[in-house]
Protein chains: 2
Amino acid sequence: MSNSKLYKGSLNTIILKLLDEQGKMYGYEITQKVKLLTKGELKITEGALYPALHKLEAEGLLDVEVAKVDNRLRKYYKLTEQGEKETVNRLAELEEFIRSMQNLVNPDWSIN
Amino acid sequence: MSNSKLYKGSLNTIILKLLDEQGKMYGYEITQKVKLLTKGELKITEGALYPALHKLEAEGLLDVEVAKVDNRLRKYYKLTEQGEKETVNRLAELEEFIRSMQNLVNPDWSIN
DNA sequence: CAAATATACCTAAAAATCTTATGCATAAGA
DNA sequence: TCTTATGCATAAGATTTTTAGGTATATTTG
């Protein structure tokens with residue numbers, strides 16, 4: 001959507017956060033979950049998601065587990081131990097960033 | 001810094017917002033203002049800022065006015081009429097985005 | 001006073017990240 | 001049966017940023 005360009009750089013953190021609270025998820029599920037949680041505001045495209053998942057796996061932050069449901073493939077991802085630690089750090093950074101942006105965009109916001 | 005990658009896509013909106021509330025600013029001033037407002041969290045690099053300013057000008061959202069202070073050049077930018085309208089739209093989008101991110105990252109946030 | 005830092009502009013190459021456009025395959029719904 | 005939904009994937013292109021330079025003047029510091 002028109003906003004989609006704004007979340008550049010935060011996709012990885014969003015993935016980690018979702019896996020942290022959901023335990024394990026597969027790619028397609030993540031796209032739907034984000035769409036739902038943001039009421040359609042954010043749409044994770046598959047061209048961005050799958051490479052991101054592969055990269056996080058390569059970095060040792062995610063583990064994969066392949067499953068077959070209804071004769072269709074699913075790749076479940078979950079956080080590794082290292083992934084859990086990283087998630088804490090990245091979430092803290094993202095929260096700080098969001099606060100900074102709030103403060104820039106609308107300083108009165110925090111008083112709401 | 002470590003967070004800097006997170007604000008991808010929002011630089012233009014930040015510029016517009018600052019010009020909206022400050023009236024007119026020059027490039028270097030913008031970098032310092034952002035550093036100040038975010039307590040060093042966000043650092044606008046010049047390699048990103050100047051091309052962004054030139055682009056916004058080319059799009060007709062900004063006007064320039066050159067000045068010489070202490071024998072040094074300054075290029076003051078201010079919003080055009082069209083720029084003011086665009087600022088309203090982009091700010092609304094950015095706020096929506098921030099709300100979405102808050103909801104994803106920390107749903108309890110809004111109750112603070 | 002010399003050197004470093006701050007102020008002030010700029011650009012180009014590279015890196016990072018995302019969109020768009022495909023491709024393949026199965027299941028479900030119209 | 002045709003379209004939509006589910007599920008994976010990659011490649012080319014676009015966008016945006018970092019990094020790394022460049023030029024020049026003013027101020028501060030040792």
Side-chain angles (χ1 to χ4, degrees), chain A residues 1-16 24-36 38 40-59 62 64-77 90 93-94 97 101, chain B residues 1-16 24-36 40-59 62 64-77 90 93-94 97 100-101:
Chain A
M1 300 269 76
S2 52
N3 281 5
S4 56
K5 66 178 177 304
L6 290 172
Y7 76 112
K8 277 200 180 197
S10 41
L11 176 57
N12 287 327
T13 308
I14 291 174
I15 293 172
L16 293 175
K24 63 174 186 178
M25 298 180 83
Y26 54 100
Y28 185 76
E29 189 184 7
I30 292 177
T31 66
Q32 301 308 302
K33 187 78 178 176
V34 169
K35 205 196 289 181
L36 201 86
T38 63
E41 268 285 310
L42 256 69
K43 280 174 186 162
I44 308 290
T45 60
E46 299 181 327
L49 178 67
Y50 290 115
L53 286 172
H54 300 160
K55 198 182 167 208
L56 288 171
E57 188 197 350
E59 287 168 358
L62 301 186
V64 198
E65 183 194 329
V66 180
K68 207 162 193 178
V69 179
D70 286 335
N71 204 35
R72 266 178 308 200
L73 198 73
R74 276 187 193 172
K75 285 178 135 180
Y76 281 98
Y77 290 89
R90 298 204 189 181
E93 281 181 21
L94 183 50
F97 168 71
M101 289 301 290
Chain B
M1 299 276 80
S2 54
N3 281 6
S4 57
K5 67 178 176 303
L6 290 172
Y7 76 111
K8 278 200 177 198
S10 40
L11 176 58
N12 287 328
T13 309
I14 291 174
I15 293 172
L16 293 175
K24 66 175 185 177
M25 299 179 83
Y26 54 98
Y28 186 76
E29 189 184 9
I30 293 178
T31 66
Q32 301 308 303
K33 187 79 178 174
V34 169
K35 206 197 288 183
L36 202 85
E41 269 285 309
L42 255 69
K43 280 174 186 163
I44 308 289
T45 61
E46 298 181 330
L49 177 67
Y50 290 114
L53 286 172
H54 300 159
K55 200 183 167 208
L56 288 171
E57 187 196 352
E59 287 167 358
L62 300 185
V64 198
E65 183 195 328
V66 179
K68 206 162 192 178
V69 179
D70 285 337
N71 203 35
R72 267 178 306 197
L73 198 72
R74 276 188 193 172
K75 286 177 133 181
Y76 280 98
Y77 290 90
R90 299 204 191 182
E93 281 181 21
L94 184 50
F97 168 70
S100 291
M101 289 300 289

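Proteins get letters first, then strands, A, B, ... in listed order; numbering begins at 1 in each.
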For [N], does OP1 or OP2 lie under 4.0 Å from any side-chain N or O of [X]?
{"X": "A:Tyr28", "N": "D:dA5", "value": "no"}
{"X": "A:Tyr50", "N": "D:dA9", "value": "no"}
{"X": "B:Lys55", "N": "D:dT15", "value": "no"}
{"X": "B:Asn71", "N": "D:dA26", "value": "yes"}
{"X": "B:Thr45", "N": "D:dT18", "value": "yes"}
{"X": "B:Lys75", "N": "C:dC10", "value": "yes"}

Within the 4.0 Å heavy-atom criterion, would you say [X] contacts the bases, only the backbone, or no part of the nucleic acid?
{"X": "B:Lys68", "result": "nothing"}
{"X": "A:Gly47", "result": "base"}
{"X": "B:Arg72", "result": "base"}

Can you tell me the distance, in whole Å, between the [atom1] atom of [X] and the [atom2] atom of [N]?
{"X": "B:Glu29", "N": "C:dC9", "atom1": "CD", "atom2": "C1'", "answer": "14 Å"}
{"X": "A:Ile44", "N": "D:dG7", "atom1": "CD1", "atom2": "C1'", "answer": "17 Å"}
{"X": "A:Leu49", "N": "D:dT6", "atom1": "CG", "atom2": "C1'", "answer": "14 Å"}
{"X": "B:Leu73", "N": "C:dC9", "atom1": "CG", "atom2": "P", "answer": "7 Å"}
{"X": "B:Leu42", "N": "D:dT16", "atom1": "CG", "atom2": "P", "answer": "17 Å"}
{"X": "A:Asp70", "N": "D:dA5", "atom1": "CG", "atom2": "P", "answer": "17 Å"}
{"X": "B:Glu59", "N": "D:dT16", "atom1": "CD", "atom2": "C1'", "answer": "13 Å"}
{"X": "B:Met25", "N": "C:dA8", "atom1": "CE", "atom2": "P", "answer": "12 Å"}

Euclidean distance, [Y] [atom2] relative to [X] [atom1], rounded to 0.5 Å:
{"X": "B:Leu49", "Y": "B:His54", "atom1": "CG", "atom2": "NE2", "value": "8.5 Å"}
{"X": "A:Glu29", "Y": "A:Gln32", "atom1": "CD", "atom2": "CD", "value": "9.5 Å"}
{"X": "B:Leu42", "Y": "B:Thr31", "atom1": "CG", "atom2": "OG1", "value": "12.0 Å"}
{"X": "B:Lys33", "Y": "B:Ile44", "atom1": "NZ", "atom2": "CD1", "value": "13.5 Å"}

### Minimum heavy-atom distance between B:Glu46 and B:Pro51, given as atom pair plus value
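Looking at all heavy atoms of both residues, the shortest contact is O-CD, 3.8 Å.
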
D:dA5 -> Watson-Crick or G-U wobble partner, both distances under 3.5 Å, gives C:dT26

Q.
Both A:His54 and B:Glu46 contact DNA chain D. Which one's nearest nucleotide lies toward the 5' end?
A.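 Upstream on the strand: A:His54.
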
